[in-house]
Number of protein chains: 2
Amino acid sequence: MPPQDKLELADVARLAGVSPATASRALSNAYGVSPATRARVLEVAERVNYVVSPEASGLARGTRQRVALVVPHIERWFFGAMVSGLGSVLRAAGFDVLLYHVGDSEDRSRFFEQLPARRKVDAVVVVAFPVADEERARLELMGVTVVAAGGQNAAYPFVCIDDHAAARQAVDHLLQLRHTRIGMIGARDPAWPNWPVRPGRIQAYYDCLEAAGIEVDPALISTVDWGPEHGAEGMARLLSLREPPTAVYAHSDEIAFGAMSVLRRAGLRVPQDMSIVAIDDHPLSAFLDLTTVAQPVPEQGKLTAQMLLALLRGEETDQAMHVPTKLVVRGSTTRLRSAEENTGANM
Amino acid sequence: MPPQDKLELADVARLAGVSPATASRALSNAYGVSPATRARVLEVAERVNYVVSPEASGLARGTRQRVALVVPHIERWFFGAMVSGLGSVLRAAGFDVLLYHVGDSEDRSRFFEQLPARRKVDAVVVVAFPVADEERARLELMGVTVVAAGGQNAAYPFVCIDDHAAARQAVDHLLQLRHTRIGMIGARDPAWPNWPVRPGRIQAYYDCLEAAGIEVDPALISTVDWGPEHGAEGMARLLSLREPPTAVYAHSDEIAFGAMSVLRRAGLRVPQDMSIVAIDDHPLSAFLDLTTVAQPVPEQGKLTAQMLLALLRGEETDQAMHVPTKLVVRGSTTRLRSAEENTGANM
DNA sequence: CTGTTAGCGCTTTCAT
DNA sequence: ATGAAAGCGCTAACAG
């Protein structure tokens, strides 16, 4: 009996010999229905394969049970993993997930201009991207709870890693390996030019070097768009310096992958000729032997969702929540060798 | 004026000095409203920031304007890219995207048992996974259009690559490079044991070797779960053979990445000691110099969505649609060298 | 515990 | 071209 969805509550009620009201109560397991009646209604509903109309139910009860996920780059591991974590707890809580993929700045502005999620959701989660002031103003029009997953977003409660701490783990690792000429390949997001995506990842570089008494050489800092191809670009630039770094700290594993490919092509060995460390622990990093600072991504999604649910229940929650990161030492970093034991570090 | 969503059509109508009926017509740009009136209504709606209640509107007009995407592994590039393609055309057509992430077999059976999307969507897209018969039966209960993206699914209209052809491009490439001992690392999905995920990718191996007059050595076939860690496993097994292959064809780039890591650790060089080719053209493949058969993923998503929209409009469409693949030769494959010019190919 | 009665906010005949 | 009125399918008082 295919399009069984033609059956409505009234039918079930009639079949069960009760009023629609009672049937409704039985189905939504509210109080005030005798076990026998409820059982009968449930049995009938089951038998005829009945499901409530969410539109009607939502209209009547003024609820939506839906949350919007606004995601910039769904095809990237990080965002997918975040969505996966968010989704699992939201679904478990009976919420449906409406996905709004804002791949480029055009999608982005369309989303905030038109607010396609208006009146459709109880909350929105902005996944790992900074919300501009005007955008925040627009979002406000929706009048719903907003939280941020995987990126600090002063404006909303958020959960993410402590970028500064993570970056410190990376840079300190290099420092401990006695490197002093440490390059940094930083990432910006082309969709948000002039917006330092992860200020903490930059600041930590300065702070660590300073703490180690090393003066920052601006030439060693390369800022590129996100992505392996640009990581490659950044590395190439560093290699072209008269005095290249002996180690590089990349803002993300994917940047590092690109950097490593340039090194390989230049005939330089990792880690002997160049140490490299990054942040993320991408699923492929173990296979590329990349030393990195791991962050738990699906967990961040789950925590964000839990925070959101608490907020929706009207509970108080922290404005910020940080999850810990952990340095994973693999084969891409090694102790700086002194000049005499060195073999071909300078191109 | 934050929760502006309290305004209803009636308010707009009043403010514009018309009846709700007229206001409704004006907003849904139906016929039968004088330009002047329409303009006035639109102006008011705009000014007070009005949006229709999708629940009420949907209830009244019996429509949903939503499609469900059922996605197995959202954190993997392939699925994310597919979703991105699907989403862009669906959104452009005014549909909202409901995401159902079925990560493991438990999620899966829950999805098909409970059919959480019932009565919520106009269609469902199963993204790159085979639907079992019982599952199809359940899906039927929803009484909506179903299409498959990125994987053939005899049961539903679908768009995907021709696996057999793609695999042939890969294996023939190896054959042309004079390899004769060609290994295959095939992938199965742990969530669907005993289900050959991509039969065409296996069959083509047999067919190509046969066409080349080479007898298939079962020892050269290694079937593993999806993922780099298992690709590594598969490669290790092949390497442990008394007479290992000189080239390997992997079902997917991510399998190949794992395989390559094992080779590197074993001190074997790619491609000198082992050629390796795969299918996908993962965004990182260019940086790992992997020869592979590229498939256009977001395009498949777009095409699937277009096919779905056509179906929803009641048009006829092809039951199957194949997108072309293309061999991308990079550095992981090379001509088989004869024994005498060989250096250390046998562990 | 159960039935009756109003709506929820919008669309859509059917009149005018 | 516009308005009045009757629902769409369900839930939430309010009685009993």
Side-chain angles (χ1 to χ4, degrees), chain A residues 3-42 44-45 48-66 94 96 118-122 142-143, chain B residues 3-42 44-45 48-66 94 96 118-122 142-143:
Chain A
Q4 206 53 278
D5 295 357
K6 304 286 62 159
L7 279 171
E8 25 190 280
L9 184 55
D11 300 311
V12 175
R14 190 160 25 70
L15 258 32
V18 298
S19 73
T22 300
S24 172
R25 288 192 272 257
L27 264 340
S28 46
N29 45 167
Y31 290 90
V33 187
S34 81
T37 312
R38 147 155 321 125
R40 194 147 29 87
V41 173
L42 258 30
V44 172
V48 300
N49 232 300
Y50 168 81
V51 258
V52 306
S53 152
E55 329 285 272
S57 169
L59 179 56
R61 99 167 86 201
T63 186
R64 311 170 227 281
Q65 291 298 301
R66 242 172 270 143
D96 271 311
R118 280 191 78 175
R119 274 181 160 229
K120 292 180 187 160
V121 299
D122 300 309
M142 290 183 62
Chain B
Q4 205 52 281
D5 295 356
K6 304 287 62 162
L7 278 172
E8 24 190 280
L9 183 55
D11 299 312
V12 176
R14 191 161 23 73
L15 258 32
V18 297
S19 74
T22 300
S24 172
R25 286 191 271 256
L27 291 173
S28 43
N29 47 145
Y31 290 89
V33 187
S34 80
T37 312
R38 148 156 321 126
R40 193 148 29 87
V41 173
L42 258 30
V44 171
V48 301
N49 231 300
Y50 169 82
V51 258
V52 306
S53 151
E55 325 288 18
S57 168
L59 178 57
R61 100 166 83 200
T63 186
R64 309 169 231 284
Q65 291 298 301
R66 241 171 270 143
D96 272 310
R118 280 191 79 174
R119 275 183 158 222
K120 293 180 186 160
V121 299
D122 300 309
M142 291 182 62

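Note that the coordinates shown come from a computational prediction; the quantities given were computed from them, not determined experimentally.
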Report task. Could you please name the option among C/dC10, D/dG3, D/dC10 that lies closest to any side-chain atom of B/Arg119? Result -> D/dC10
**Report entry** Closest listed nucleotide, where the reference is the side chain of A/Ala21 and the choices are D/dG7, D/dC10, D/dA12
**Finding:** D/dA12
Query raised in the report: Which one, C/dC10, D/dG9, C/dT11, comes nearest to the side chain of A/Leu59?
Result: D/dG9
Query raised in the report: Between atom CG in A/Leu9 and atom P in D/dC8, what is the gap in whole Å?
Result: 14 Å
Query raised in the report: Does the side chain of B/Ser57 get closer than 4.0 angstrom to OP1 or OP2 of C/dC10 through an N or O atom?
Result: no
Query raised in the report: How many Å lie between CD on B/Glu55 and P on D/dG7, as a whole number?
Result: 23 Å
Query raised in the report: Which of these nucleotides, C/dT2, D/dT2, D/dC10, is closest to any side-chain atom of B/Ser34?
Result: D/dT2
Query raised in the report: With distance as the sole criterion, do the side chain of A/Arg25 and the base of C/dG3 form a donor-acceptor contact below 3.5 Å?
Result: yes
Report summary line: Among the nucleotides D/dC10, C/dG9, C/dG3, whichever has the atom closest to the side chain of B/Ala60 is C/dG9
Report task. Check for a donor-acceptor pair, side chain of B/Arg40 on one end and backbone N or O of B/Ala16 on the other, with a separation under 3.5 Å. Result -> yes
Query raised in the report: Counting side-chain heavy atoms from C-beta on, which of C/dT12, C/dT2, D/dG9 comes nearest to A/Ala56?
Result: D/dG9
Requested in this report: Could you please name the option among D/dT11, C/dT2, C/dG9 that lies closest to any side-chain atom of A/Pro20?
Outcome: D/dT11
Query - Pair of N/O donor and acceptor under 3.5 Å linking C/dG7 base with A/Arg61 side chain - result: no
